[in-house]
Amino acid sequence: MAMVGLFWIAEGDVYVGAKPSGQAPGVRLTPDGVVALGDGQSGLHLWEDVRALTVADVPVKSLKRQVGVVTDVALDIVMNLAMTLGPGVGGEAPPVMTLDLESHDGAYELKAYVAAAVGYSPAEVDLSRALLSRLTEGAATMATTLAAMSEWGRSREGGTPRGAQREELLRRWVG
């Protein structure tokens, strides 16, 4: 599994945001279309019907956000130790971003958890938005781009690549 821009790639599966588990909201990109997952949203939006994909509510990495996350983690540890409940109990859900999908039959707001704890770099956000736009350019473009992302995920060993590598991958996939 690895995060590249706004995408979470697990083996050959590509998600916008974090890969959901259980009833958590999520969005999966498949060769057939955009799949809404989780409680309160479901369904398949076929690529042939999708006219636009845009993303909103994306947290952008900043020093203030990084300090806030570290502060929250430290406070969480202190509270957990003081309450002797152990780490990880009662944690908050990660922030949610919105994937706006425009199709021939209407507009949809799909939710997905953010995968980056301190937000995404501005370059990764811009490149990810360009990549989402590219996926709506036509069947051949979508199939080629999504296949390249999936193939990279299947061949990837290890975790998330470093920032410069993520940006290079996104540039390659955007074309």
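Numbers here are sequence positions counted from 1. These numbers were taken from a predicted model, which means no experiment stands behind them.
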Undergrad: Is any side-chain heavy atom of Val34 closer than 4.5 Å to a side-chain heavy atom of Leu44?
TA: no

Undergrad: Closest heavy-atom contact between Ser150 and Gly12?
TA: OG-O, 2.9 Å

Undergrad: State whether Arg154 and Glu11 are salt-bridged, where the test is any N-O pair (Lys NZ or Arg NE/NH1/NH2 against Asp/Glu carboxylate O) under 4.0 Å.
TA: no

Undergrad: Measuring from Glu167:CD to Ser121:OG, what's the distance to the nearest 0.5 Å?
TA: 4.5 Å

Undergrad: Can you find a pair of side-chain heavy atoms, one from Tyr113 and one from Ser21, that are under 4.5 Å apart?
TA: no

Undergrad: Gly119 and Lys61: which non-hydrogen atoms are nearest, and at how many Å?
TA: O-CE, 3.6 Å

Undergrad: Run the side-chain contact (heavy atoms from CB on, under 4.5 Å) check on Ser103 and Leu101 step by step: do they pass?
TA: CA-CA 6 Å; Ser103 72; Leu101 184 148; 3.9 Å; yes

Undergrad: Does any non-hydrogen side-chain atom of Val114 lie less than 4.5 Å from one of Val96?
TA: no

Undergrad: Would you give the length of the straight line joining atom OG of Ser128 to atom OH of Tyr120, rounded to the nearest 0.5 angstrom?
TA: 8.0 Å

Undergrad: Hey, what do you get for CG (Leu135) to CG (Leu146), rounding to the nearest 0.5 Å?
TA: 6.5 Å

Undergrad: Go through the steps for Val16 and Leu29 under the test side-chain contact (heavy atoms from CB on, under 4.5 Å), then give the verdict.
TA: CA-CA 7 Å; Val16 177; Leu29 305 176; 4.0 Å; yes

Undergrad: Any side-chain heavy atom of Asp105 within less than 4.5 Å of one from Asp49?
TA: no

Undergrad: Contact between Met1 and Ile9 at the side-chain level, heavy atoms closer than 4.5 Å - yes or no?
TA: no

Undergrad: Do side-chain atoms of Thr160 reach the backbone of Ala2 as a donor and acceptor pair under 3.5 angstrom?
TA: no

Undergrad: Between atom CG of Leu110 and atom NE2 of His45, what is the distance when rounded to the nearest 0.5 Å?
TA: 5.0 Å

Undergrad: For Thr98 and Ala56, indicate whether the former's side chain and the latter's backbone hold a donor-acceptor pair under 3.5 Å.
TA: no

Undergrad: So which atom in Ala112 and which in Gly17 form the shortest heavy-atom distance, rounded to 0.1 Å?
TA: CB-CA, 4.4 Å

Undergrad: Identify the heavy atoms of Lys19 and Trp8 that sit nearest to each other, and give their distance.
TA: CB-CD1, 3.4 Å

Undergrad: With a 4.5 Å heavy-atom cut-off, do Trp173 and Leu127 have their side chains touching?
TA: no

Undergrad: Between Arg28 and Asp13, is the closest basic N to carboxylate O distance under 4.0 Å?
TA: yes

Undergrad: Closer than 3.5 angstrom, by distance alone: can the side chain of Thr145 be matched with the main-chain N or O of Thr141 as a donor-acceptor pair?
TA: yes

Undergrad: What are the two closest heavy atoms between Pro161 and Arg156, and how far apart are they?
TA: N-NH2, 3.6 Å

Undergrad: Check whether any side-chain heavy atom of Val27 lies under 4.5 Å from a side-chain heavy atom of Tyr15, and answer yes or no.
TA: no

Undergrad: For the residue pair Glu137 and Met142, establish whether any side-chain heavy-atom pair is separated by less than 4.5 Å.
TA: no

Undergrad: Any side-chain donor-acceptor pair under 3.5 Å between Asp32 and Thr30?
TA: no

Undergrad: More than 12 non-hydrogen atoms from neighbouring residues, nucleotides or ligands closer than 6.0 Å to CZ on Arg51, yes or no?
TA: yes

Undergrad: CG of Asp57 to CG of Leu99: how many Å apart, nearest 0.5 Å?
TA: 11.0 Å

Undergrad: State, to 0.1 Å, how close Glu124 and Gly5 come at their nearest heavy-atom pair, and which atoms those are.
TA: OE2-N, 3.0 Å

Undergrad: Between Arg134 and Val174, is there a donor-acceptor pair closer than 3.5 Å when you use the side chain of the first and the backbone of the second?
TA: yes

Undergrad: At what distance, to the nearest 0.5 angstrom, does CG of Leu132 lie from OG1 of Thr54?
TA: 8.5 Å

Undergrad: Is it the case that the side chain of Tyr108 and the backbone of Gln41 share a donor-acceptor pair, with hydrogens and angles ignored and the cut-off at 3.5 Å?
TA: no

